There are 2 protein chains.
Amino acid sequence: MSKQKKIEVDLSTEEKIKEAARKLFTQKGYAATRTRDIAEESGINLALLNYYFRSKEKLFNLIMEEKMLQLFGVLFPVINDENSTLQQKLELIVVNYIDLLSANPDLPIFVLSEIKNSEGGFLKQLPLRKMLGESVFVKQFLEKRSDISPLHFIINLLGVVIFPFVASPVLQGTGVVNDQIFNKMMEDRKKLIPAWIKQMVETV
Amino acid sequence: MSKQKKIEVDLSTEEKIKEAARKLFTQKGYAATRTRDIAEESGINLALLNYYFRSKEKLFNLIMEEKMLQLFGVLFPVINDENSTLQQKLELIVVNYIDLLSANPDLPIFVLSEIKNSEGGFLKQLPLRKMLGESVFVKQFLEKRSDISPLHFIINLLGVVIFPFVASPVLQGTGVVNDQIFNKMMEDRKKLIPAWIKQMVETV
DNA sequence: GTCTATAACCTGATAGAC
DNA sequence: GTCTATCAGGTTATAGAC
């Protein structure tokens, strides 16, 4: 209550640096981001970055783990819910992802591209194989379609949900859509995608 | 016939540099690639890179335009063919993309991520809006579904085709699939995807 | 905790010999 | 055309004053 006068700017120094790092790393990637940019963006001194985080790489690892959790975390609470149907899970995943990515359009390219360049280091703590393989989600899918790998199904789902955001710079940069139309389309897809996928599952 | 003794290594110096640049740029991106790495990879001297291409950026622009054409070029010959049905176009696009990306798995993330970081500079010569909007492909789609934007259709198609390659480092890095299984899946998708999409188009 | 100044290193690019 | 040597500038990280 004493020093807290500013409305939104009043974060701890450590948090201000992290906030700037989040923005710049996700926007430009690890290699293209300079520690000077982060310092400037956060309004603090360059030396403080090393004081709090020891090195650019350590700060990056922190942000990266956070962003991976953000991207993959959408799935975790949903796929093992015993009390929802496959269709309900589908709808929830689609809505949650579209909301998340509308607010963080850079997230997918950033995470996927940095993972690719990091020789698997970041994936060591991501037990995706077990998490998916033993999930209620997969079990429910196999009850409907035991003739096709659930992986195809998951890839298709994430493909139609995430890919538009990955392609968005191309779509917007070539004038195929503008920001407003793109957002409207993503809004529409919240209803369209579950309907398409449902069709895909139920088709013989 | 005189000096040409080596089997495959005998490219012009200029082409050796471009070949190394192709590999490293697509693998690590512009910012993370050092001109020294390119020189070493091509077995030539650092100074020759500047002798032939003036600067890192000019060399990059060359490779980038080449790679964009490679990625988007799959569509051009197909979408305006008057003598093929929508379904045939679909099948051709799917097969061509899966073959291209199986041979160049880094291509999509590289192109999409560099486009995002370049403030639209590379997109100036890509008249995607007209190319798609006036295409036979879109016309044929609208004959079947005038109630839904063809853009949804195209995004879905490219999503299910391209996204698996974008996600492949995650899938392989977490042990969800290995290289062999992944390739088998992509092979299967050549038949699966057209069937899914067909279903999507014909569903009321 | 925060800053200025600077060390130590790296990177793109060029000069100049062959 | 190709190489070695080197410059000029930028980048991460730290020392040391406050």
Side-chain angles (χ1 to χ4, degrees), chain A residues 1-6 9-65 110 114 117-119 121, chain B residues 1-6 9-65 110 113-114 117-119 121-122:
Chain A
M1 243 238 252
S2 53
K3 287 183 187 173
Q4 341 282 82
K5 287 182 184 166
K6 307 182 186 156
V9 193
D10 201 41
L11 301 163
S12 71
T13 300
E14 189 172 345
E15 196 49 47
K16 273 193 280 188
I17 297 171
K18 279 175 81 171
E19 197 57 55
R22 269 187 276 267
K23 175 178 168 185
L24 292 178
F25 278 140
T26 52
Q27 226 167 62
K28 321 203 295 172
Y30 177 77
T33 301
R34 330 263 163 239
T35 52
R36 277 173 166 77
D37 302 340
I38 297 177
E40 189 183 5
E41 175 75 25
S42 51
I44 57 94
N45 191 276
L46 173 58
L48 283 178
L49 189 151
N50 292 291
Y51 174 77
Y52 281 103
F53 302 97
R54 294 289 302 168
S55 73
K56 175 186 179 182
E57 194 180 355
K58 284 194 169 53
L59 173 57
F60 176 77
N61 290 345
L62 227 63
I63 304 298
M64 183 67 183
E65 276 170 37
F110 168 69
E114 295 293 345
N117 297 343
S118 72
E119 287 141 24
Chain B
M1 232 232 268
S2 52
K3 287 182 185 174
Q4 341 280 79
K5 285 180 182 167
K6 308 184 183 154
V9 193
D10 200 41
L11 301 164
S12 71
T13 300
E14 189 172 344
E15 196 50 45
K16 272 193 280 187
I17 297 172
K18 279 177 81 172
E19 198 58 54
R22 268 188 276 268
K23 176 179 168 185
L24 292 178
F25 278 138
T26 52
Q27 225 167 61
K28 322 204 297 172
Y30 177 78
T33 301
R34 332 258 165 244
T35 51
R36 281 172 165 77
D37 302 340
I38 298 176
E40 189 183 4
E41 173 76 26
S42 49
I44 57 95
N45 189 274
L46 172 58
L48 282 179
L49 189 152
N50 292 292
Y51 174 77
Y52 280 102
F53 301 99
R54 293 288 300 168
S55 74
K56 176 189 180 183
E57 197 181 353
K58 283 194 168 55
L59 173 56
F60 177 77
N61 290 345
L62 227 63
I63 304 298
M64 182 67 184
E65 275 170 37
F110 167 69
S113 134
E114 295 294 344
N117 297 342
S118 73
E119 287 140 25
F122 290 112

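Chain A is the first sequence line, chain B the second, and so forth, proteins listed ahead of strands; every chain is numbered from 1. Values in this document were obtained by computation on a predicted structure and should not be read as measured data.
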Q: Can you tell if the side chain of Leu59(A) reaches within under 4.5 Å of the side chain of Ile38(A), non-hydrogen atoms only?
A: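 With C-beta onward as the side chain, the pair touches.
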
Q: Measure from CD on Glu57(B) to P on dA13(C) and round the result to the nearest Å.
A: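 To the nearest whole Å, that distance equals 8 Å.
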
Q: I need the NZ-P distance between Lys58(B) and dG12(C), as an integer number of Å.
A: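 Atom NZ in Lys58(B) sits about 15 Å away from atom P in dG12(C).
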
Q: Output the distance between atom CZ (Phe122(B)) and atom CG (Asn117(B)), rounded to the nearest 0.5 Å.
A: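 So the CZ of Phe122(B) and the CG of Asn117(B) are separated by 10.5 Å.
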
Q: Remember a base hit wins even if backbone is also touched, and classify Tyr51(B) as base, sugar-phosphate or nothing at under 4.0 Å, heavy atoms.
A: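 The answer is base, as Tyr51(B) lies within the cut-off (heavy atoms under 4.0 Å) of a base atom.
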
Q: Expressed as a whole number of angstroms, how long is the span from Tyr52(A):OH to dA13(D):P?
A: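 The answer, rounded to whole Å, is 18 Å.
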
Q: Could you tell me how far apart Leu59(B) (CG) and dA13(C) (C1') are, to the nearest whole angstrom?
A: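 In whole Å, dA13(C) C1' lies 14 Å from Leu59(B) CG.
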
Q: Please say whether more than 12 non-hydrogen atoms of neighbouring residues, nucleotides or ligands are located less than 6.0 Å from CD in Gln27(A).
A: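 Yes, CD of Gln27(A) has more than 12 neighbouring heavy atoms, counting only those of other groups under 6.0 Å.
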
Q: Using only side-chain N and O atoms of Thr13(B), determine if any of them is under 4.0 Å from OP1 or OP2 of dT2(D).
A: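 For Thr13(B), the contact criterion (side-chain N or O under 4.0 Å from OP1 or OP2 of dT2(D)) is met.
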
Q: Without decimals, in angstroms, what is the distance between Phe53(A) CZ and dT14(D) P?
A: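 From Phe53(A) CZ to dT14(D) P: 15 Å.
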
Q: Taking atom C1' of dA13(C) as reference, at what distance in whole Å does atom CZ of Phe60(B) sit?
A: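 Taking atom C1' of dA13(C) as the reference, CZ of Phe60(B) is at 19 Å.
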
Q: Could you check whether atom NZ of Lys28(A) has more than 12 heavy atoms from other residues, nucleotides or ligands sitting under 6.0 Å from it?
A: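 For Lys28(A), atom NZ is crowded (more than 12 foreign heavy atoms under 6.0 Å).
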
Q: Walk me through it: do Phe53(B) and Lys18(B) pass the test side chain to side chain contact (heavy atoms under 4.5 Å, CB included)?
A: CA-CA 9 Å; Phe53(B) 301 99; Lys18(B) 279 177 81 172; 3.5 Å; yes

Q: Rounded to whole Å, please give me the gap between CG in Leu49(B) and P in dT2(D).
A: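 So the CG-P distance, Leu49(B) to dT2(D), works out to 13 Å.
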
Q: For Asn50(A) and dT2(C), give me the distance from atom CG to atom P, rounded to whole Å.
A: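 Going from Asn50(A) (CG) to dT2(C) (P), I get 14 Å.
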
Q: If I take atom CD1 from residue Ile63(B) and atom CZ from residue Phe110(B), how far apart are they, to the nearest 0.5 angstrom?
A: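 One gets 8.0 Å once the value is rounded to the nearest 0.5 Å.
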
Q: Using rotation axes that map the C1' atoms of four end pairs onto the next four (five pairs an end), what angle separates the end axes of the helix from dG1(C)-dC18(D) to dC18(C)-dG1(D), to 10°?
A: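 That helix gives 10° between its end axes.
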
Q: Using the test side chain to side chain donor-acceptor pair (under 3.5 Å), find all partners of Glu15(A) that sit at least two apart in sequence or belong to another chain.
A: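 Applying side chain to side chain donor-acceptor pair (under 3.5 Å) to Glu15(A) gives Arg22(A).
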
Q: Checking the side chain of Glu114(A) only, and the main-chain atoms of Tyr30(A) only, is there a donor and an acceptor separated by less than 3.5 Å?
A: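 At least one qualifying donor-acceptor pair exists.
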
Q: Would you indicate whether the side-chain heavy atoms of Tyr52(B) and Lys58(B) approach each other to under 4.5 Å?
A: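 They are not in contact (no side-chain heavy atoms under 4.5 Å apart), so the answer is no.
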
Q: If the sugar-phosphate is the primed atoms plus P, OP1 and OP2 and the base is the rest, what is the B/S/- string for nucleotides 3-11 of chain C, using protein heavy atoms under 4.0 Å?
A: BB------B

